[in-house]
Amino acid sequence: MSVRVRFAPSPTGFLHVGGLRTALYNYFFARQNNGKYVLRIEDTDRSRYVEGSVENLIKSLTWAGIEFDEGPHIGGEFGPYIQSERLEIYRYWAHHLVEIGCGFYAFDTSEELEQARSAYPHHEFKYERYKMRNQFTLGEKECKSLIEAGVPYVIRLKVPENEEVRFVDIIRGEIVVNTKEVDDQILLKSDGYPTYHLANVVDDHLMKITHIIRGEEWLPSVPKHILLYKAFGWEIPRMAHLPLLLNKDKTKLSKRQGDVAVEDYIEKGYFPDAFVNFIALLGWNPTSDREIYAMEELIEKFQLEKVNKSGAIFDVVKLDAINAKYLYSKSPVDLAPQLRDWLTKRGKNGGKFSLAYLEKVVILLRERVKKLPDIIDFAPYMFEKPNSYDFDYFIKHWDDKVEVYLREILNFLKVIEDFNHHVLHEQITCYLSERQLKLKDIIHILRLAITGLSYGAGMFETMEVLGRQEVVERLEHFLEVVLPELRTKSNEKF
RNA sequence: GGCCCUAUCGACUAAUGGUUAGGUCACCACUCUUUCAAGGUGGUAGUAGGGGUUCGAAUCCCCUUAGGGUCACCA
């Protein structure tokens, strides 16, 4: 039988990074087995629905390079792929369950249930099938007339009294749970919508899903699903429950402790392939001697059985390190237009810089930052004249004699025949040695004059990329306007 | 609290009964150096604890401890 897997998010806003990993593992598994990958939207809770989130979800998934074979955006022979468009199907199967004696009608209101629950400490309440208002306590006739009178009802799963439900998880092995622990789960809500448990089982069966790969938070509800498959007489798909992604304190990854939406990471400037690489290695590893893998290789090497059982902490430091490696290995030619887009996105009018210039900027600064747009913050002087100057840096390196040298160097720069870093380095070093000086005697103030900062790429390389005219303008401005101000300020201070 | 899951350096992980317990990130030192990085070299650091089984246990079993998930007319 050919492999069919699905990713089934609910449209509550955005794609969670944990969701991305689940989507990724499903994708690896599908591709590797030449199977089909289905996107199904589980929107059976109308109150949590967020407008536009389906588009948002697909956008993030597409950014990550995940493609589907069937789904609401592309169709397929098992549609519709949005659960709210399949209500009749769930209603049919819910009622069928009652008919075959595995489900029952109940009329308790939310308030009544709430009250019953509050009488118990912790979560010890379990639905009392033979005490509350349902088809067993009311009788068939009363039950029927209530339904005909339009009284709202739900359909619950009739869980066997004392049976062992066992199943084999691909990652965790055999798991056994006694039905004593399983509640008479509501399957069809009073608004006519199914709960997750019903919709999920029905759809997985109807869509011929062979492998269910999802987060560990679903493990406790598997017995309910097994019971449903058995009641319907359906084949149970193979299951694999993935370990959770964790915060630093090892709790389930949550919004309070950092960004959990994939779009947050898109916005921060991580590369999709780097992000996918990082996420894929949280909970699984092809071999331990390498950590950079392209999508194709991840697909090829993925092994569901080798996925870890324990949760993995989402560590941004590691993500940054991986992204930095991608940044360094990507072609500057490809990166230049991306940098231009980031500049524009950050309000810097990227259009005014040539791609040739931006390419040089990338080469100059890529090994000093983690993410492409970080270049803008790290080296703002590559895109505009400095608007402030690091005073501490000035104090640390200023010497009155430097001004004379700087003026001479300025004149020198105006006429130097070849404005490239080799020549600049060589000639300036030569000039300095004639005066018994070292590079470090002037280079810091030169850096301050040109960049305003105490750090950055190699000074001569930076000057070459900025170009003669720009360098000369900055140096003149520094000597005529900025320097007097800095000296006054330092005199005041000491 | 019940049930279920889990447990290797700070983090991600490798080692599926026999290794001086390996790698990457982070950290530290040294080196390079015009700043900041990057690079190079080296280093600190781990099998939660206790019992078994075995010639031999990170690995198998049990207990303890710790952490997590879950217990909705949410998914």
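Because the structure is predicted, anything quoted here is derived from the model rather than measured. Naming: A, B, ... by sequence-line order, numbering from 1 per chain.
No engagement by K396(A) is indicated, since no non-hydrogen atom pair under 4.0 Å with the nucleic acid exists. Counting non-hydrogen atoms under 4.0 angstrom, T195(A) reaches the backbone sugars and phosphates but no base. Backbone-only engagement by T251(A) is indicated by non-hydrogen atom pairs under 4.0 Å involving sugar-phosphate atoms exclusively. Counting any heavy atom pair closer than 4.0 Å across all strands shown, D108(A) reaches a base atom. Among the atoms of the strands shown, only primed sugar atoms or phosphate atoms (P, OP1, OP2) are found under 4.0 Å from some heavy atom of V317(A).
Here the nucleotide nearest the side chain of T44(A), chosen from C25(B), U70(B), A75(B), is A75(B).
Taken residue by residue, residues 179-193 of chain A places heavy atoms nearer than 4.0 Å to RNA chain B at E181(A), I186(A), K189(A), S190(A).
The separation of A58(B) from G52(B), taken at their P atoms, amounts to 15 Å, rounded to a whole angstrom. Comparing the P positions of G46(B) and C71(B) gives an interatomic distance of 39 Å, to the nearest angstrom. Rounded to a whole angstrom, the distance from the C1' atom of C5(B) to that of G10(B) is 24 Å. Spacing between C73(B) and A11(B) at atom P, rounded to whole Å, works out to 38 Å. A distance of about 9 Å separates the P atoms of C27(B) and A38(B), rounded to the whole Å. Using C1' as the reference atom, U13(B) and A7(B) are 14 Å apart when rounded to the nearest Å. U59(B) and G51(B) have their P atoms separated by 14 Å, with the value rounded to a whole Å. Separation of the P atoms belonging to G50(B) and G42(B) is 35 Å when rounded to the nearest angstrom.
Note on D45(A) versus R48(A): salt bridge recorded, some NZ/NE/NH1/NH2 to OD/OE distance being below 4.0 Å.
With a 3.5 Å ceiling on both atom-pair distances, the Watson-Crick or G-U wobble partner of C71(B) is G1(B). Remark: U54(B) base-pairs with no nucleotide in the shown strands. Criterion, Watson-Crick or G-U wobble with two distances under 3.5 Å. Pair assignment for U47(B) gives none, since no Watson-Crick or G-U wobble pairing has each distance under 3.5 Å. Nucleotide A66(B) has U6(B) as its partner under the Watson-Crick or G-U criteria, with both atom distances under 3.5 Å. Pairing of C30(B), defined by two Watson-Crick or G-U wobble distances under 3.5 Å, is identified with G40(B).
With RNA chain B read from its 5' end, the first of the two nearest nucleotides for L246(A) and W218(A) is the one closest to L246(A).
Atom-to-atom, CZ of R290(A) to C1' of G22(B) comes out at 17 Å; the value is rounded to the nearest Å. Spacing between atom CG of D320(A) and atom P of U24(B) amounts to 19 Å, rounded to whole angstrom units.
Checking the phosphate oxygens (OP1, OP2) of C12(B), no side-chain nitrogen or oxygen of K248(A) falls inside 4.0 Å. Between R117(A) and C73(B), a side-chain N or O to OP1/OP2 separation shorter than 4.0 Å is present.
The neighbour count for Y130(A) OH, taken as heavy atoms of other residues, nucleotides or ligands under 6.0 Å away, is above 12. A 6.0 Å sphere centred on NE2 of H422(A) holds no more than 12 heavy atoms belonging to other residues, nucleotides or ligands.
Ring centroid separation for the pair H225(A) and Y229(A) does not come in under the 6.0 Å cut-off. Between F104(A) and F136(A), the ring centre distance stays below 6.0 Å. Aromatic rings from Y455(A) and F378(A) are positioned such that their centres are separated by under 6.0 Å. Taking the ring centroids of F271(A) and Y326(A), they lie at or beyond the 6.0 Å cut-off.
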Nucleic acid footprint by protein, nucleotides 33-44 of chain B - heavy-atom cut-off 4.0 Å, B for base, S for sugar-phosphate alone: -BBBBS------
Side chain to side chain contact (heavy atoms under 4.5 Å, CB included) between L20(A) and F275(A), worked out: CA-CA 10 Å; L20(A) 174 63; F275(A) 196 68; 3.5 Å; yes
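Figure legend: cation-pi geometry between R435(A) and Y405(A) absent, as NZ or CZ is not positioned both under 6.0 Å from the six-membered ring centre and within 45° of its axis. Stacking of K268(A) on the aromatic ring of Y265(A) is recorded, both the 6.0 Å distance cut-off and the 45° axial limit being met.
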Listing time: all N or O pairs from protein to nucleotides 4-7 of chain B that are below 3.5 Å?
from, atom 1, to, atom 2, distance (Å)
C5(B), O2', R172(A), NH1, 2.6
C5(B), O2', E216(A), OE2, 3.1

